[in-house]
Amino acid sequence: MAIANAFCTSLRSAICDADSGVYSPSLPQFTASKLHSSAVFHTFSNAGVAVSRRRRYTVSCTLDGVDSLSPALKDEQESVSIPLPIVQIIQDPECDATTVEISFGDRLGLLIDTMKALKDLGLDVVKGVVTTQDSVKKTQFLITRLDTGRKVEDPDLLENIRLTIIQNLIKYHPESSERLAMGEAFGIKAPEKKPDVDIATHIHVKDDGPKRSMLYVETADRSGLLVEVVKIMADINIHVESAEIDTEGLIAKDKFYVSYGGAALTRSMSQVLVNCLRYYLRRPETGEESY
């Protein structure tokens, strides 16, 4: 059967002479959807060094109006274009409110529904500054409890805030689900590749002055993670003074400023804390822990 009307789609671009950029009518013409630089080839001669460039064109064509790109290539291109969703919760001891910062490339709107969902948790939510850096739009909220007017310190409520934001992000931006651990439970498309817990887990403790230490926990994100980490520290009498809770896609990167008996953690206490956290983070999840 004859194949009729094969034509190329996307941006029209003629193939030009590699060095001069001058259009060459003798060469076949295509439309290129994406242009990639290829290797630069060098030719040495007695007269000097001549440099020529070759360009590689990825061409998207259709046959009788049907897109000829394979589904796998389409999925790869779409996955690459999905920005990294980031949710940060900052507990600054010098600030009377809990600071929350959300970003998802340049796709976030006014986040009115997210603010409403947070208010339904018994919180007063004030929208802070909106900044844009390298095409990433960051929206900040200042959150306090309605009953006390103070920042949120309850780990369970902080985790509810984090999960509420992620659930709303998945609801109004379904494409984000494949880049969030919660996408498996709440999203239309679960992440294809989950990070290996043993490889993704990093725990460090270092002094942050004579009266406190800084605990850094990086691991595969999962529901209830913040609550359990704080509970483990409470069980061994480590006090959390402030924290920065950072969810970057499938990975949680949290900082806790902690003390033991009003002072920085000793080396032995730091080791006890690290061992306890490693045991919890590396054990298999069960249905009871996932909520």
Side-chain angles (χ1 to χ4, degrees), residues 86-103 123-126 128-129 131 133 138 140-145 147-163 165 195 197-283 289:
I86 298 176
V87 178
Q88 289 183 307
I89 301 176
I90 303 171
Q91 296 284 71
D92 187 344
E94 297 182 359
C95 182
D96 295 330
T98 298
T99 303
V100 174
E101 190 172 88
I102 311 169
S103 65
L123 303 169
D124 183 32
V125 183
V126 178
V129 297
T131 59
Q133 182 177 2
K138 298 180 180 180
Q140 189 180 91
F141 297 112
L142 299 176
I143 299 176
T144 55
R145 299 184 60 133
D147 54 356
T148 64
R150 299 177 62 84
K151 71 172 63 175
V152 180
E153 296 179 332
D154 179 15
D156 289 285
L157 186 51
L158 286 170
E159 181 69 351
N160 281 339
I161 290 171
R162 188 179 77 93
L163 293 180
I165 293 171
V197 174
D198 288 338
I199 297 175
T201 299
H202 305 279
I203 305 172
H204 306 288
V205 179
K206 66 178 183 179
D207 289 344
D208 188 55
K211 294 186 177 182
R212 71 177 190 178
S213 299
M214 191 274 286
L215 165 68
Y216 177 77
V217 179
E218 179 176 328
T219 190
D221 186 32
R222 64 198 200 195
S223 180
L225 176 65
L226 172 62
V227 176
E228 288 299 327
V229 169
V230 173
K231 180 182 176 182
I232 288 170
M233 288 190 280
D235 287 344
I236 55 178
N237 298 318
I238 291 179
H239 174 64
V240 180
E241 297 181 1
S242 61
E244 296 177 16
I245 313 303
D246 190 355
T247 305
E248 297 186 9
L250 300 172
I251 303 297
K253 300 179 180 181
D254 301 338
K255 291 181 182 179
F256 301 91
Y257 295 90
V258 300
S259 61
Y260 179 74
L265 275 60
T266 62
R267 178 173 296 183
S268 59
M269 180 54 70
S270 296
Q271 192 61 53
V272 169
L273 175 58
V274 170
N275 290 343
C276 290
L277 290 173
R278 285 193 182 279
Y279 172 77
Y280 163 70
L281 295 173
R282 289 182 173 179
R283 69 182 179 182
E289 293 171 349

For [Y], is there any backbone N or O sitting under 3.5 Å from a side-chain donor or acceptor partner on [X]?
X: Glu159; Y: Gly224; answer: yes
X: Lys151; Y: Leu142; answer: no
X: Ser213; Y: Leu265; answer: yes
X: Asp254; Y: Asp246; answer: yes
X: Ser259; Y: Gly262; answer: no

Worksheet item: Please walk me through it: do Leu123 and Leu157 pass side-chain contact (heavy atoms from CB on, under 4.5 Å)?
Response: CA-CA 10 Å; Leu123 303 169; Leu157 186 51; 3.9 Å; yes
Practice prompt. Going by the side-chain contact (heavy atoms from CB on, under 4.5 Å) test, name the single residue among Val229, Ile238, Val205 that passes it with Phe256.
Written response: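 Result: among Val229, Ile238, Val205, Val229 is the only option passing the side-chain contact (heavy atoms from CB on, under 4.5 Å) with Phe256.
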Worksheet entry | side-chain contact (heavy atoms from CB on, under 4.5 Å), paired with Val152, selected from Leu158, Ile89, Asn160 |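 When Leu158, Ile89, Asn160 are each tested with Val152, the side-chain contact (heavy atoms from CB on, under 4.5 Å) holds only for Leu158.
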Drop me the distance from [X]'s [atom1] to [Y]'s [atom2], to the nearest 0.5 angstrom.
X: Glu101; Y: Gln140; atom1: CD; atom2: CD; value: 5.5 Å
X: Ile90; Y: Ile143; atom1: CD1; atom2: CD1; value: 11.5 Å
X: Asn237; Y: Tyr260; atom1: CG; atom2: OH; value: 6.0 Å
X: Ile86; Y: Ile251; atom1: CD1; atom2: CD1; value: 12.5 Å
X: Leu273; Y: Ser268; atom1: CG; atom2: OG; value: 11.5 Å
X: Arg278; Y: Ile232; atom1: CZ; atom2: CD1; value: 12.5 Å

Discussion item. On a heavy-atom basis, which atom in Ala264 and which in Gly209 lie closest, and how many Å separate them?
Written reply: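 Heavy atoms only, the tightest pair is CB-O, 3.8 Å.
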Worksheet item: Of all heavy-atom pairs between Thr201 and Leu281, which one has the smallest distance, and what is that distance?
Response: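 Distance-wise, the nearest heavy atoms are CG2-CD1, 4.0 Å.
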Item to complete: Examine the side chains of Thr98 and Gln91 and answer whether a donor and an acceptor come within less than 3.5 Å of each other.
Response: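 Side-chain D/A pair, Thr98 to Gln91: present.
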Item to complete: Let me see the working for Val126 and Phe141 under side-chain contact (heavy atoms from CB on, under 4.5 Å), right down to the final yes or no.
Response: CA-CA 6 Å; Val126 178; Phe141 297 112; over 6 Å; no
With heavy-atom distances below 4.5 Å as the criterion, would you say the side chains of [X] and [Y] are in contact?
X: Lys253; Y: Tyr216; result: yes
X: Pro155; Y: Glu228; result: no
X: Val217; Y: Leu277; result: yes
X: Leu226; Y: Asp156; result: no
X: Asp124; Y: Arg145; result: no
X: Lys231; Y: Met233; result: no
X: Ser223; Y: Leu163; result: yes
X: Thr131; Y: Lys138; result: yes

Item to complete: Give the intermediate values and the outcome of side-chain contact (heavy atoms from CB on, under 4.5 Å) for residues Lys255 and Met214.
Response: CA-CA 7 Å; Lys255 291 181 182 179; Met214 191 274 286; 4.1 Å; yes
Item to complete: Decide if atom CG of Asp147 counts as having more than 12 heavy atoms of other residues, nucleotides or ligands within a radius under 6.0 Å.
Response: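 Correct, the count exceeds 12.
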Worksheet item: Looking at Tyr280, does the NZ or CZ of Arg222 lie under 6.0 angstrom from its six-membered ring centre and within 45 degrees of the ring axis?
Response: yes
Fill in: Ionic contact status for Arg282 with Asp198, cut-off 4.0 Å
yes
Discussion item. Check this for me: does any side-chain nitrogen of one of Asp221 and Arg162 sit under 4.0 Å from a carboxylate oxygen of the other?
Written reply: yes
Worksheet item: For Ile165 and Val100, what are the C-alpha separation, side-chain angles and deciding distance, and is it a side-chain contact (heavy atoms from CB on, under 4.5 Å)?
Response: CA-CA 10 Å; Ile165 293 171; Val100 174; 3.4 Å; yes
